[in-house]
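Please read the structure below before turning to the comments.
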Amino acid sequence: EREMDERLAQRLPPHAVLDTRTGRGVVRLWANDLDGARADLEWVRRAGIEHGSFHTHVNAGAFLAQVLLRFGSVAAAVETAESTAALTDDADAVWLGPLPHCEAAFAQAAQGDLAGARAHAEVATAMADALTLAPGRLWSDMAWLRIADAAADDDEVVRVGDRMVASGWGRIPEPIHHWRATYVEGLVATGRLDDAATVVAELEAE
């Protein structure tokens with residue numbers, strides 16, 4: 001964040017300012033500075049898609065949806081994620097689609113719209129499978145985990161969580177992707193207490 005502050009103090013071309021503020025907004029989100037993240041990402045979105053790269057605009061919208069969801073502004077998170085996902089769909093930008101579609105699934109699951117959440121998760125999963133890139137697979141796994149949790153389906157929570165563990169997603173810091181506490185609750189509910197204790201120990205160590 002300090003490096004990006006220094007960069008923003010320089011005379012940068014407009015597209016570089018947008019890229020840098022998007023990056024700083026994401027870092028602030030992961031540091032749980034939600035006010036700072038929202039300020040940066042909303043600024044980028046207000047600047048408009050015509051003033052920066054399409055990639056930057058999509059990322060700003062998708063991560064802003066995550067900020068809004070963490071604030072508890074669920075309806076705004078749904079609207080932001082769905083409008084961003086529509087941009088990638090209209091442009092056939094499959095490589096950018098998993099993130100906004102998964103953010104839409106997260107927000108709709110939180111809102112209780114499981115059918116809508118599943119529709120976005122299915123699109124994200126198909127895109128991730130076509131890309132065979134780790135980020136898309138991680139996001140889509142998280143979408144299915146949150147949907148299972150919202151449906152109070154402990155067996156499905158554990159099934160998806162087991163897949164995430166096998167994929168090595170536990171190597172990514174928890175502030176970036178919140179999922180292991182949900183997995184622990186599923187493990188406890190299904191009687192796998194030793195496995196739950198192992199994951200709790202990992203979280204405590206982190």
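Quick note: residue numbers are just sequence positions, from 1.
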Between Phe54 and Ala93, which heavy-atom pair has the shortest distance, and what is it? CE2-CB, 3.9 Å
Are there more than 12 heavy atoms of other residues, nucleotides or ligands under 6.0 Å from atom CD of Glu202? yes
So which atom in Val44 and which in Ala60 form the shortest heavy-atom distance, rounded to 0.1 Å? CG1-CB, 3.7 Å
Keeping Ser73 on the side-chain end and Leu69 on the backbone end, is there a donor-acceptor pair under 3.5 Å? no
Any luck finding a side-chain donor-acceptor pair between His120 and Glu103 under 3.5 Å? no
Before accepting this row, confirm whether a basic side-chain N of the pair Arg159/Glu156 lies closer than 4.0 Å to the acidic partner's carboxylate O. yes
Where Ala16 and Leu12 come nearest, the two heavy atoms and their spacing: CB-CB, 4.1 Å
Could you give the distance from CE (Met142) to CD1 (Ile147), rounded to the nearest 0.5 Å? 11.5 Å
For Trp179, does its backbone N or O pair with a side-chain atom of Glu174 as donor and acceptor, under 3.5 Å? yes
Is it possible for you to say whether Val58 and Val67 belong to one hydrophobic cluster, with membership spreading through side-chain heavy-atom contacts below 4.5 Å? no
Hydrophobic cluster membership, Trp139 vs Val94, 4.5 Å side-chain cutoff: no
Can you tell me how far CD of Gln10 sits from CG of Asp5, rounded to the nearest 0.5 angstrom? 11.5 Å
For a 4.5 angstrom cut-off between non-hydrogen side-chain atoms, does Leu99 reach Phe63? yes
Who passes side chain to side chain contact (heavy atoms under 4.5 Å, CB included) against Trp43, sequence neighbours left out? Val17, Leu18, Arg21, Arg46
Is any side-chain heavy atom of Ile176 closer than 4.5 Å to one of Pro173? yes
Inter-residue atom distance Arg180.CZ - Leu145.CG, 0.5 Å rounding: 12.5 Å
Same apolar cluster: Leu114 and Val123, side chain cutoff 4.5 Å: no
Rounded to the nearest 0.5 angstrom, the CD-CG distance for Glu1 and Leu8 is 10.5 Å
Evaluate side chain to side chain contact (heavy atoms under 4.5 Å, CB included) for Arg70 paired with His178, printing each intermediate quantity in order. CA-CA 11 Å; Arg70 293 193 191 189; His178 300 165; 3.5 Å; yes
Working note: Met164 + Tyr183, criterion side chain to side chain contact (heavy atoms under 4.5 Å, CB included); need CA distance, chi angles, decisive distance, verdict. CA-CA 10 Å; Met164 296 179 76; Tyr183 178 46; over 6 Å; no
If every non-hydrogen atom of Gly36 is compared with every non-hydrogen atom of Arg28, which pair is closest and at what distance? O-NH1, 3.4 Å
With a 4.5 Å limit on heavy-atom distance, are the side chains of Thr84 and His101 in contact? no
Check for a donor-acceptor pair, side chain of Ser53 on one end and backbone N or O of Thr56 on the other, with a separation under 3.5 Å. yes
Check: Thr198 side chain, Asp194 main-chain N or O, donor-acceptor pair, under 3.5 Å: yes
Tell me, do Glu79 and Leu68 make a side-chain contact under 4.5 Å, heavy atoms counted? no
Going through the distances and angles, do Trp169 and His177 end up as a side chain to side chain contact (heavy atoms under 4.5 Å, CB included)? CA-CA 9 Å; Trp169 302 145; His177 300 290; over 6 Å; no
Going hydrophobic residue to hydrophobic residue with side-chain gaps under 4.5 angstrom, can you get from Phe106 over to Phe71? yes
If we only count heavy atoms from C-beta on, is the Gln108 to Glu82 side-chain gap below 4.5 Å? yes
Step-by-step side chain to side chain contact (heavy atoms under 4.5 Å, CB included) determination, Met127 to Glu122: CA-CA 9 Å; Met127 289 177 168; Glu122 286 168 359; over 6 Å; no
Test: Arg192 and Asp162 ion pair at under 4.0 Å: yes
At their closest point, which heavy atom of Pro98 faces which heavy atom of Ala128, and how far apart are they? CG-N, 4.3 Å
Side chains of Arg2 and Glu6: closer than 4.5 Å at any heavy-atom pair? yes
Side-chain (Thr190) to main-chain (Leu187) donor-acceptor, under 3.5 angstrom: yes
Can you tell if the side chain of Val188 reaches within under 4.5 Å of the side chain of Val184, non-hydrogen atoms only? yes
Judged by modelled atom types alone, do Trp144 and Thr125 share a side-chain donor-acceptor pair under 3.5 Å? yes
One should read off an interatomic distance between Met4 CE and Thr20 OG1, to the nearest 0.5 angstrom, of 8.0 Å
Can you name the closest pair of heavy atoms from Leu41 and Leu64 and give their distance? CD1-N, 3.6 Å
Considering only heavy atoms from C-beta outward, does the side chain of Glu185 approach that of Val157 to under 4.5 Å? no
Contacts of type side-chain hydrogen bond (donor to acceptor under 3.5 Å, both in side chains), residue His55, not counting sequence neighbours: Asn59
Atom OG1 of Thr182 and atom CG of Asp149: how far apart are they, to the nearest 0.5 Å? 4.5 Å
Give me each pair satisfying salt bridge (Lys or Arg N to Asp or Glu O under 4.0 Å) with a member in residues 136-147, each pair once, sequence neighbours excluded. Asp129-Arg137, Asp141-Arg163
